[in-house]
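Residue numbering restarts at 1 for every chain, and letters A, B, ... go by the order of the sequence lines.
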Amino acid sequence: MKHYETLSIPEATCLQRQLRERLDIEERELSVRLIGGADISLNLYSSTIYAGIILLSFPQLQPVGWSLVQAETRFPYVPGYLAFREVPALVDAWRQLAVKPDVLVIDGHGIAHPRRLGIAAHFGVETGQPSIGCAKKLLTGQYHEPGLLVGDHTPIMAGTEQIGHAFRSKSKVAPVFVSPGNLVGLNNSLEIIQQCKGRYRIPEPTRLAHELVNRFRRGEVAAGTQ
DNA sequence: GCGACAG
DNA sequence: ATCTTGTCGC
């Protein structure tokens, strides 16, 4: 992985198709004791990004550590190519972790992507790490609105292929979109996110990661690990 | 050609 | 993604 900053969109598309071949989203038995949440924060019009990964005990969901990294991005935000902008910094934060989580939840989509390689799938293939994508908005595919109660869910379809789940993480509030990154199946990812429920719409891993990187950007927390 | 479009 | 107070509804 490299030169992301200098890739053209056609070249990036080619790399996505290549990485997609290495995806493994078979269902499997997962024993999660440590779960991670990853997110990015930035100032509008700035090329500086603040990346972070927070570690939580599972299923208790208590913060036990984190990794924060500041970096520069050249790649612009283009729907469908978010990974080329954020993955490099996230990988830096990832490598800085002394202990790796059993699964990492990333803010964005997994396979619920035009070429089945959203940021969570991209990160998962590049690192060989089990990952899940959890987004606040749909990028591609169709779904029927799930029931209004917590836990209700419906499949996200791309033609006849299921690429994720629309999941009601909080009653009467907009659903979140969950899809496999790498090394987890459609049901595996939904089951894990169902156990990450706190009192907010956004599942704890991603919500706490978002809170962490924002404090980092404002200078309230220093770069590094803990 | 038209509309949609993660963060 | 980020800038922001109050306010409506359960």
Side-chain angles (χ1 to χ4, degrees), chain A residues 4-5 9 12-13 15-16 19-20 23 37-54 68-91 93 104-126 131-143 147-150 156-159 163-182 189 193 199-203 205-220:
Chain A
Y4 281 1
E5 275 67 10
I9 293 300
T13 302
L15 179 52
Q16 290 182 324
L19 293 175
R20 178 184 177 180
L23 258 187
D39 194 17
I40 294 290
S41 181
L42 52 75
N43 287 309
L44 199 52
Y45 307 132
S46 171
S47 60
T48 300
I49 62 176
Y50 302 82
I53 294 177
I54 188 162
L68 293 167
V69 165
Q70 183 178 324
E72 291 299 310
T73 318
R74 284 263 231 156
F75 209 94
Y77 167 65
V78 181
Y81 300 85
L82 178 64
F84 297 91
R85 192 173 154 70
E86 307 187 344
V87 164
L90 285 180
V91 170
L104 181 66
V105 183
I106 302 177
D107 192 343
H109 294 286
I111 64 169
H113 174 277
R115 289 166 295 285
R116 311 292 176 265
L117 205 86
I119 187 168
H122 189 130
F123 179 96
V125 169
E126 289 277 37
S131 57
I132 295 173
C134 183
K136 299 178 287 301
K137 292 190 254 180
L138 195 65
L139 170 62
T140 192
Q142 309 80 220
Y143 72 99
L148 298 177
L149 300 182
V150 215
I156 299 175
M157 306 296 292
I163 57 178
H165 287 280
F167 174 64
R168 193 77 69 184
S169 49
K170 194 171 189 296
S171 293
K172 301 176 184 179
V173 170
V176 291
F177 305 94
V178 183
S179 61
N182 192 27
S189 48
I193 293 301
R199 46 180 296 203
Y200 304 88
R201 172 168 87 117
I202 308 302
T206 300
R207 187 183 74 77
L208 293 175
H210 189 261
E211 195 173 80
L212 176 64
V213 293
N214 271 325
R215 283 188 295 165
F216 177 35
R217 176 174 55 79
R218 298 176 196 132
E220 298 167 17

- [ ] May I ask whether A/Y77 stacks on the base of B/dG7, given the cut-offs of 5.5 Å between ring centres and 30° between planes?
- [x] yes
Is [X] near enough to [N] that one of its side-chain N or O atoms lies under 4.0 angstrom from OP1 or OP2?
{"X": "A/K136", "N": "C/dA1", "result": "yes"}
{"X": "A/R116", "N": "B/dA6", "result": "no"}
{"X": "A/H210", "N": "C/dA1", "result": "yes"}
{"X": "A/H109", "N": "B/dC5", "result": "no"}
{"X": "A/N214", "N": "C/dT2", "result": "yes"}
{"X": "A/S41", "N": "C/dT2", "result": "yes"}

Does [X] reach a base, just sugar-phosphate, or nothing at all? Heavy atoms under 4.0 Å.
{"X": "A/R217", "value": "sugar-phosphate"}
{"X": "A/G80", "value": "base"}
{"X": "A/N43", "value": "nothing"}
{"X": "A/L42", "value": "sugar-phosphate"}
{"X": "A/Y81", "value": "base"}

Between [atom2] on [N] and [atom1] on [X], what's the gap in Å once rounded to a whole number?
{"X": "A/D39", "N": "B/dG7", "atom1": "CG", "atom2": "P", "answer": "9 Å"}
{"X": "A/L90", "N": "C/dA1", "atom1": "CG", "atom2": "P", "answer": "14 Å"}
{"X": "A/I163", "N": "B/dA6", "atom1": "CD1", "atom2": "C1'", "answer": "12 Å"}
{"X": "A/H165", "N": "B/dA6", "atom1": "NE2", "atom2": "P", "answer": "21 Å"}
{"X": "A/R218", "N": "C/dT2", "atom1": "CZ", "atom2": "C1'", "answer": "10 Å"}
{"X": "A/I49", "N": "C/dT2", "atom1": "CD1", "atom2": "P", "answer": "12 Å"}
{"X": "A/Y50", "N": "B/dG7", "atom1": "OH", "atom2": "C1'", "answer": "17 Å"}
{"X": "A/I40", "N": "C/dT2", "atom1": "CD1", "atom2": "C1'", "answer": "14 Å"}

Task: Atom of A/L139, atom of A/P79 and distance for their closest heavy-atom approach - done: CD1-CB, 4.5 Å
Heavy-atom distance under 4.5 Å between the side chains of [X] and [Y], does that happen here?
{"X": "A/E86", "Y": "A/I119", "result": "yes"}
{"X": "A/Q16", "Y": "A/L19", "result": "no"}
{"X": "A/N214", "Y": "A/S41", "result": "yes"}
{"X": "A/Y81", "Y": "A/T13", "result": "yes"}

Open item on the list: Within a 6.0 Å radius of atom CZ on A/R74, are there more than 12 heavy atoms belonging to other residues, nucleotides or ligands?
Closed with: no
Task: Given B/dG7, C/dA1, B/dA6, the nucleotide with the shortest approach to the side chain of A/R85 - done: B/dG7
